[in-house]
Amino acid sequence: QVQLVESGGGLVQAGGSLTLSCAASGRTFSTYAMGWFRQAPGKEREFVAVLSWSGGRTRYADSVKGRFTISRDNAKNTVYLQMNSLKPEDTAVYYCAEKPSVEEGTIVVLTSAMEYDFWGQGTQVTVSS
């Protein structure tokens, strides 16, 4: 059973930066996709970014493109979400998620939360204006 643990959330002023981390354990497969989602109060969980197991493919939501960067450190089994130029509308609980056994080229369509099998507990990001 894969376990995902997010960290790095907090309170930041608009225009600031934060880096979220997602540490994975218990993985038994070699190909997978790692995604970041977020959920604001009263709203549905929405896609933020996804990264292939090799790091060679990424996709971002239009709302974060150019401001957020997803990356990985395989030696640490950790995925990161670097968030720059933060806006108040980025305020949400951020979740990392994993979908196992994924072909590299198919990660670009993995934008629905329903596609993912494993989830972390979430970390709160609050951006003040």
Side-chain angles (χ1 to χ4, degrees):
Q1 182 78 2
V2 174
Q3 292 188 331
L4 303 173
V5 179
E6 302 99 333
S7 61
L11 173 64
V12 63
Q13 290 188 332
S17 299
L18 278 177
T19 299
L20 305 183
S21 301
C22 173
S25 62
R27 183 180 294 133
T28 60
F29 32 83
S30 58
T31 61
Y32 49 92
M34 294 295 299
W36 283 99
F37 288 77
R38 65 187 182 186
Q39 188 166 18
K43 295 188 176 181
E44 292 189 356
R45 193 167 297 190
E46 66 171 357
F47 167 76
V48 175
V50 61
L51 176 71
S52 64
W53 62 273
S54 72
R57 295 284 186 109
T58 59
R59 181 175 178 178
Y60 296 90
D62 289 342
S63 58
V64 307
K65 202 172 295 182
R67 300 189 297 123
F68 290 12
T69 302
I70 187 171
S71 63
R72 70 192 312 137
D73 183 336
N74 286 339
K76 296 182 178 180
N77 282 328
T78 300
V79 172
Y80 304 97
L81 186 68
Q82 172 69 43
M83 305 184 296
N84 299 326
S85 302
L86 282 162
K87 305 174 181 179
E89 51 264 45
D90 294 318
T91 294
V93 177
Y94 283 71
Y95 299 89
C96 68
E98 183 167 320
K99 178 177 176 61
S101 304
V102 176
E103 293 296 325
E104 181 92 352
T106 64
I107 72 109
V108 293
V109 301
L110 297 177
T111 60
S112 169
M114 296 178 61
E115 296 277 2
Y116 292 79
D117 298 285
F118 304 104
W119 291 84
Q121 82 289 348
T123 186
Q124 176 70 47
V125 172
T126 302
V127 184
S128 63
S129 56

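What you see is a predicted model, and the numbers here were worked out from it, not measured in a lab. Numbers here simply count residues along the sequence, with the first being 1. These values consider heavy atoms only, across backbone and side chains, with no hydrogens, waters or symmetry-generated copies.
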Measure the shortest side-chain to side-chain distance between Met34 and Arg72 over non-hydrogen atoms and say whether it is less than 4.5 angstrom. yes
Once side chain to side chain donor-acceptor pair (under 3.5 Å) is applied, what residue pairs with a partner in residues 12-23 remain, sequence neighbours excluded? Ser17-Asn84, Thr19-Gln82
Just do the side chain to side chain contact (heavy atoms under 4.5 Å, CB included) check on Trp36 and Cys22 with the steps written out, would you? CA-CA 9 Å; Trp36 283 99; Cys22 173; 3.7 Å; yes
Do Tyr116 side-chain atoms and Leu110 backbone N/O form a donor-acceptor pair below 3.5 Å? yes
Do Tyr80 and Val50 land in one hydrophobic cluster if side-chain heavy atoms of ILVMFWY residues count as linked below 4.5 Å? no
Pairs flagged by disulfide bond (SG atoms under 2.5 Å apart) wherever residues 27-84 is involved - sequence neighbours left out: none
Looking only at atom types and distance, does a side-chain atom of Glu6 sit under 3.5 Å from a main-chain N or O of Gln121, one as donor and one as acceptor? yes
For residues 122-129, dump all side-chain donor-acceptor pairs below 3.5 Å to protein atoms at least two apart in sequence or in another chain.
| unit_1 | atom_1 | unit_2 | atom_2 | d |
| --- | --- | --- | --- | --- |
| Thr123 | OG1 | Gly9 | N | 3.2 |
| Gln124 | NE2 | Ala92 | O | 3.4 |
| Gln124 | NE2 | Thr126 | OG1 | 3.3 |

Check whether any side-chain heavy atom of Arg59 sits under 4.5 Å from a side-chain heavy atom of Thr111, and report yes or no. yes
Give the cluster check for Leu86 versus Val93: same hydrophobic cluster or not, with ILVMFWY residues linked at side-chain heavy-atom distances below 4.5 Å. no
Where the side chain of Arg27 meets the backbone of Val2, is there a donor-acceptor pair that is under 3.5 Å apart? no
May I have all residue pairs that pass disulfide bond (SG atoms under 2.5 Å apart) and include part of residues 100-129, sequence neighbours excluded? none
Considering all heavy atoms of both residues, which atom of Leu4 and which atom of Ala24 are nearest to each other, and what is their separation? CD2-CB, 3.6 Å
Hey, does the side chain of Tyr60 reach the backbone of Ile70 with a donor-acceptor pair shorter than 3.5 angstrom? yes
Ala49 versus Leu81, closest heavy-atom pair with distance: CB-CD1, 4.4 Å
Would you please test Gln39 and Glu46 for side chain to side chain contact (heavy atoms under 4.5 Å, CB included) and show each step? CA-CA 6 Å; Gln39 188 166 18; Glu46 66 171 357; over 6 Å; no
Mind running side chain to side chain contact (heavy atoms under 4.5 Å, CB included) on Tyr94 and Leu18 for me, showing each step along the way? CA-CA 12 Å; Tyr94 283 71; Leu18 278 177; over 6 Å; no
Can you list the steps and then say if Phe118 with Gln3 is a side chain to side chain contact (heavy atoms under 4.5 Å, CB included)? CA-CA 7 Å; Phe118 304 104; Gln3 292 188 331; over 6 Å; no
Distance under 6.0 Å and angle within 45° of ring axis: Arg45 vs Tyr95: yes
Heavy-atom pair of closest approach, residues Ser63 and Arg38: OG-NH2, 3.5 Å
Between Ile107 and Ala33, the two heavy atoms sitting closest are CG2-CB, 3.9 Å
For Phe47, the ring pair (Phe, Tyr, Trp, His ring centres under 6.0 Å) test, sequence neighbours excluded, returns Phe37
For the hydrophobic clusters of this structure (ILVMFWY residues joined by side-chain heavy atoms under 4.5 Å, transitively), does one cluster hold both Trp119 and Val102? yes
Test: Asp90 and Lys87 ion pair at under 4.0 Å: no
Is there any side chain to side chain donor-acceptor pair (under 3.5 Å) pair reaching into residues 99-110, and which pairs are they, with sequence neighbours excluded? Ser52-Glu104, Trp53-Glu104, Ser54-Glu104
